[in-house]
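Comments concern the structure below.
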Amino acid sequence: MTKEQDKLVTANMGYVITLARQYKSEILSTDDLISEGAIGIMKAAEKYDVSKGKPFVTFAAPYIRRAIEAAINRLQNDIDVRSTDESIPVGSRNNFTLLNVLEDHDAPKADATVEQASLSEDLLRGIGVLNEREQAVVKRYFGIDAERQTMAEIAEGLGLKRERVRQVRDQALRKLRKEARKE
C-alpha cells in the first residue's frame with residue numbers, strides 16, 4: 001500500500017468504526033467487525049481514483065459493508081441454523097438467535113450521514129460565490145443549517161413562485177459547478 005493509500009485508510013478509520021457498530025453481532029465482537037471493515041477500506045484505498053471526483057468515504061462505504069457482511073455470513077454458514085429465532089449456543093454461556101447478528105435497519109446509515117455532511121461542507125465552502133437569494137434557496141433546498149424544504153415551501157417562505165425558485169436553484173448550482181471546476 002502506498003503512503004497516500006495508508007493516509008486515506010488512517011484518516012477514515014473512525015468511519016469504519018461507525019459502520020461496524022451498525023451491525024449487531026454476537027458471533028463477532030465489535031473489534032472483529034472493525035477489523036473486517038479495515039480490510040474493506042484497505043481494498044477500497046487500493047482501487048480509489050481521486051481523479052474521478054468521488055469522495056473517498058462514499059467510494060469506500062460499499063467495500064467496508066461487504067467486508068463486514070461477508071465475515072458475518074461466513075460464520076453464519078459455519079453454524080447449523082434451522083431457524084432465525086432458534087437459540088444457538090456459542091462459547092460457554094452465550095445463547096443468542098440469528099436475528100442478533102443481522103444489520104439494524106432502523107439505525108441511520110453512517111455512509112449516508114457522512115456523505116450528506118460532506119456535501120453540506122462542500123456547499124458551505126462554495127456558497128460564498130452566490131448572492132443572498134441563491135444562498136437562501138440552496139440552503140433550504142439541500143437542508144443546510146435547517147430542515148430540507150420542497151420548492152413549494154421555499155417559494156412560500158421567500159415570497160416567490162415555485163418556478164422562480166427552480167430557476168434560482170439551477171442558476172446557483174451552475175455557479176457552484178463553475179467555481180468547482182476552477183478549483
Side-chain angles (χ1 to χ4, degrees), residues 1-25 28-74 102-149 151 154 166-183:
M1 199 158 38
T2 67
K3 286 183 182 180
E4 291 80 22
Q5 292 169 341
D6 190 43
K7 285 180 184 178
L8 280 175
V9 170
T10 303
N12 290 287
M13 278 307 292
Y15 179 65
V16 172
I17 293 168
T18 302
L19 276 180
R21 287 184 178 153
Q22 286 185 349
Y23 290 85
K24 292 180 178 179
S25 175
L28 287 173
S29 69
T30 302
D31 288 341
D32 289 336
L33 293 171
I34 292 168
S35 295
E36 294 296 331
I39 292 168
I41 201 169
M42 285 187 265
K43 286 180 185 174
E46 290 171 359
K47 296 181 180 197
Y48 181 64
D49 182 2
V50 72
S51 68
K52 303 255 180 179
K54 192 172 195 178
F56 178 67
V57 169
T58 304
F59 178 82
Y63 287 88
I64 299 166
R65 286 188 181 281
R66 276 195 298 264
I68 292 170
E69 290 168 1
I72 291 171
N73 289 332
R74 267 194 316 273
L102 299 177
E103 179 182 2
D104 183 0
H105 293 284
D106 293 332
K109 300 290 184 221
D111 49 343
T113 304
V114 170
E115 184 175 1
Q116 180 63 37
S118 174
L119 286 173
S120 293
E121 286 174 24
D122 290 346
L123 278 171
L124 284 174
R125 240 182 279 122
I127 212 162
V129 301
L130 304 178
N131 66 38
E132 193 174 314
R133 179 183 281 176
E134 291 168 336
Q135 285 184 18
V137 168
V138 168
K139 284 181 175 181
R140 291 173 184 204
Y141 184 79
F142 289 102
I144 300 170
D145 298 335
E147 192 166 324
R148 189 173 178 168
Q149 296 179 353
M151 283 197 260
I154 297 168
R166 186 192 64 73
Q167 292 169 353
V168 170
R169 180 205 61 192
D170 292 349
Q171 179 180 354
L173 292 176
R174 281 192 298 274
K175 279 185 182 178
L176 289 171
R177 281 188 203 104
K178 184 178 178 182
E179 197 63 29
R181 281 188 218 115
K182 286 180 185 178
E183 293 174 11

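Along the sequence shown, the residues carry numbers beginning at 1.
- Counting heavy-atom neighbours within 6.0 Å of R66 CZ, excluding the residue itself, gives a total above 12.
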Audit row: E4, L8, side-chain contact (heavy atoms from CB on, under 4.5 Å) steps and yes/no: CA-CA 6 Å; E4 291 80 22; L8 280 175; 5.9 Å; no
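- When every heavy atom of L130 is checked against every heavy atom of A172, the shortest pair comes out as CD2-O, 3.6 Å.
- When all heavy atoms of A71 and L28 are compared, the closest pair comes out as CB-CD1, 3.8 Å.
- For R166, the CZ atom is densely surrounded, since the number of other residues' heavy atoms within 6.0 Å is greater than 12.
- Considering OG1 of T10 and CD of Q5, their distance stands at 11.5 Å, rounded to 0.5 Å.
- Under a 3.5 Å cut-off, the side chain of N12 and the backbone N or O of Y15 do not form any donor-acceptor pair.
- When the side chain to side chain donor-acceptor pair (under 3.5 Å) test is applied to R140, no partner is found at least two apart in sequence or on another chain.
- The side-chain heavy atoms of L19 and Q22, taken from C-beta on, include a pair separated by under 4.5 Å.
- Distance CG/L176 to CZ/R174: 11.0 Å, rounded to 0.5 Å.
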Name every donor-acceptor pair, under 3.5 Å, that has one atom in a side chain of residues 30-48 and the other anywhere in the protein, sequence neighbours excluded.
{"from": "D32", "atom 1": "OD2", "to": "S29", "atom 2": "OG", "distance (Å)": "3.3"}
{"from": "S35", "atom 1": "OG", "to": "D31", "atom 2": "O", "distance (Å)": "3.0"}
{"from": "Y48", "atom 1": "OH", "to": "K54", "atom 2": "O", "distance (Å)": "2.5"}

Using the rule given for side-chain contact (heavy atoms from CB on, under 4.5 Å), can you reason through Q149 versus Y141, listing the C-alpha separation, both sets of side-chain angles and the distance that settles it, and then say yes or no? CA-CA 5 Å; Q149 296 179 353; Y141 184 79; over 6 Å; no
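- Residues I127 and Q135 come closest through the heavy atom pair O-NE2, 3.1 Å.
- Taking all atoms of both residues into account, the shortest heavy-atom contact from V168 to R133 is CG2-CD, 3.9 Å.
- R21 contributes atom CZ, which lies 11.5 Å from atom CD1 of I68 (distance to the nearest 0.5 angstrom).
- Here the straight-line distance linking atom NZ of K7 with atom NZ of K3 works out to 7.5 Å at 0.5 Å rounding.
- Looking at residues two or more places apart in sequence or on another chain, you find no salt bridge (Lys or Arg N to Asp or Glu O under 4.0 Å) involving R177.
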